[in-house]
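Here's the structure, in structure tokens; my notes come after.
Sequential numbering from 1 along the given sequence is applied to the chain's residues.
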Amino acid sequence: MKILRIQEACNKISLSRTTLWRLCQQTDFPKPINLGGRAVGFLEHEIDRWLESQAAARPVSPRED
């Protein structure tokens, strides 16, 4: 089990820190875990699962050959 710090999670989902925190509050995005003090992280497998669900939910456009 790997824990991603905030910047690593932002890099993985290609979104800003602000957007990451909005996702945490408003959607089914994985909730951060407290690592002690002011440090938080995200479980990598939960981020991966969220990315997969986002990809599966996207509309499929017809292929242009």
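- Counting heavy atoms from C-beta on, the side chains of Ile33 and Leu43 come closer than 4.5 Å.
- In this structure, the separation between CG on Leu20 and CD on Gln25 is 10.0 Å, given to the nearest 0.5 Å.
- With rounding to the nearest 0.5 Å, the separation of CZ in Arg22 from OG in Ser16 is 7.0 Å.
- Taking CG from Asn11 and CG from Leu4, the interatomic distance works out to 9.5 Å, rounded to the nearest 0.5 Å.
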For a salt bridge (charged side-chain N to carboxylate O under 4.0 Å, His left out) check, start with the C-alpha distance between Glu44 and Lys12, then their side-chain angles and the critical distance, and finish with the verdict. CA-CA 9 Å; Glu44 185 175 38; Lys12 188 164 186 100; 3.3 Å; yes
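- Contact of the Leu15 side chain with the Cys10 side chain is not registered, since no non-hydrogen atoms from C-beta on lie closer than 4.5 Å.
- Relative ring orientation between Trp21 and Phe42 is described as tilted, the plane-to-plane angle lying within the 30° to 60° band.
- Residue Ile3 is not grouped with residue Ile47 when hydrophobic side chains (ILVMFWY) are merged at heavy-atom distances under 4.5 angstrom, including chains of intermediate members.
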Audit row: Leu35, Arg5, side-chain contact (heavy atoms from CB on, under 4.5 Å) steps and yes/no: CA-CA 10 Å; Leu35 301 175; Arg5 296 294 304 267; 3.8 Å; yes
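- Between atom CH2 of residue Trp50 and atom CD1 of residue Ile13 there is a gap of 5.5 Å, rounded to the nearest 0.5 Å.
- Closest approach of Lys31 to Glu46, counting heavy atoms only: O-OE1, 4.3 Å.
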